[in-house]
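Input: a single structure, listed below in structure tokens.
Whatever order the structure lists them in is the order used to number ligands and atoms, beginning at 1.
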Amino acid sequence: MKILIVGSGGREHAITWRLAQDETKHELYCAPGNAGTAALATNIAIGAEDVAAVAAWAEANRPDLVVVGPEVPLCKGLVDALEKIGVKAFGPVAAGARMEGSKRFAKEVMDAAGVPTGRARTFTDAAAAKAALAEYGLPVVIKADGLAAGKGVVVAETTEQAEAAIDDMLVGNKFGAAGAEVLVEEFLHGEECSILALVDGERAVLLPSSQDHKRVFDGDKGPNTGGMGAYSPAPVVTDAMLPEIKEKIILPVVRELKKRGITYRGVLYAGLMVTPPGGKMALSGSAVNVVEFNARFGDPETEAVLPRLGGDFATALLHCADGCLSDADVVVKPEAAATVIVASGGYPGSYEKGKEITGLDAAAQVPGAIVFHCGTKASDGKILTSGGRVLSVTGMGPTLRAAVDTAYAAVDRIAFDKAFYRKDIAHRAFERG
Ligand code: AMP
Ligand code: GLY
């Protein structure tokens, strides 16, 4: 198959890598890709968010499938544009991507479908939002309605913090139009996990569970990032929970969207909070609640989940696009996977770019290790850093401990000026014993 992958991060490198593992060989293109995808695919110099240019390339080159990685082109209607020219795409149309692009819309859909989630109300007026805080107690969560590159959520421990967040968004315009509406939301207690489901408009198949590490420092300290690591499976999700997650969360959303005239195809990513026995229960009365939906593969979850998939990945993605997905399309390997992000010093704040990376080949030679590129670029035969998250190093192994050890053995061989990474990936799984 001729396949175009849209995006340039570790997620897109992992998608490209997994497609390259299929027994049938594909002709792969990435727009724009990175130094890692260049080894597996032809990188084309088109930005992932340039919907018109991607669609024009697709019209001229007629790929069999376009796989859209990031949320922005999905929300901007890339899949709609591809549908118009008769090119198949893996990813939802813009109306479906609103499950990620508008937190208010996602709540409306969940409420209509009876999906358990934190209770929330939406406001455009700061005084009204502040007046509502008393209903929620503390902590309380303040969220910008729209896309804010992962920065639009404040978990407020005090009323003052909550009021400041409301003022920042509604009065100070901190996130522009994305923060013109805010949600005041019930705080959910417990442990988070990610469930990525392949969806074909009607059916869904869950991929193996995973958990990411959003805070920058060990012990989940410091500011939030795009993700500093991930692992799969996540033992917080028991086998008994999976059918329930599918029947009570994923499928009701797909059906509710269908009722609204939206055929959702692609990944529906549920960020879930699992409340342990004895933990403070959510108002929904359910021990598993949706924190958020994303309309795409997670990053870095994808780098841990996709290496665990057997079978023909291109066929699974194509079956989503064609509306004929079946359980047989997803084969899960027994190995565990752990992914460590190697980042530029200063990230998620400001950082320098253009540092030479050494040890990439040596790292890739560690048995069971895969080095995915996130923010890299090739220049004069060298690989240089070009982003905050630079590399996503995955280890595979018979146990999670072995997978983690493999990932760190590979990370140890990599160096660049001011590189740093978390040393405690998968700690929650190990704390369970
Ligand atoms: P989001 O962008 O919606 O994923 O939110 C970012 C992070 O904020 C989540 O991964 C959670 O750690 C936290 N968060 C968001 N909503 C809630 C909630 N209702 N209760 C507890 N934590 C939350
Ligand atoms: N890892 C979180 C996300 O992809 O949104």
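For ligand 2, the atoms sitting less than 4.0 Å from at least one non-hydrogen atom of Asn294 are 5 (O), numbered in the order shown with element in parentheses. Taking every heavy atom of Glu301 and a limit of under 4.0 angstrom, the matching atoms of ligand 2 come to 1 (N), 2 (C), 4 (O). Atoms of ligand 2 found under 4.0 Å from any heavy atom of Asp212 (numbered from 1 in listed order, with element): 1 (N), 2 (C). Atoms of ligand 2 lying under 4.0 Å from any heavy atom of Gly298, numbered from 1 in the order shown and given with element: 4 (O).
Formation of a donor-acceptor pair under 3.5 Å by the Asn34 side chain with backbone atoms of Ser8 is found in this model. At least one donor-acceptor pair closer than 3.5 Å links the side chain of Arg308 to the backbone N or O of Lys333.
The side-chain heavy atoms of Val332 and Val330, taken from C-beta on, include a pair separated by under 4.5 Å.
Residue Arg296 touches ligand 2 through its side chain alone, judged by heavy-atom distances below 4.0 Å. At a heavy-atom distance under 4.0 Å, only side-chain atoms of Tyr269, from C-beta outward, approach ligand 2.
Considering both main-chain and side-chain atoms, Glu292 never comes within under 3.5 Å of ligand 2 through any nitrogen or oxygen pair. An N or O contact shorter than 3.5 Å is missing between Lys214 and ligand 2 by distance.
A salt bridge is defined here as a Lys NZ or Arg NE, NH1 or NH2 lying under 4.0 Å from an Asp or Glu carboxylate O, and Glu185 with Lys107 meets this definition. Residues Arg203 and Asp327 are not paired through a salt bridge, judged by the lack of any N-O separation under 4.0 Å between the basic side chain and the carboxylate. Between Glu431 and Arg428 there is no salt bridge, since no side-chain N of the basic residue sits under 4.0 Å from a carboxylate O of the acidic one.
Aromatic ring pairs are classed by plane angle as parallel below 30°, tilted from 30° to 60° and perpendicular above 60°; the pair Phe420 and Phe217 is tilted. Under the 30°/60° scheme for interplanar angles, the aromatic rings of His13 and Phe372 are found to stand perpendicular.
Side-chain N/O atoms of Ser210 and Glu301 include no donor and acceptor closer than 3.5 Å.
Applying the salt bridge (charged side-chain N to carboxylate O under 4.0 Å, His left out) test to pairs two or more places apart or on separate chains, those with a residue in residues 67-82 are Glu71-Arg296.
Around ligand 1 you find Lys103, Val141, Lys143, Val153, Glu185, Glu186, Phe187, Leu188, Glu192, Lys214, Met273, Val291, Glu292, each with a heavy-atom distance below 4.0 Å.
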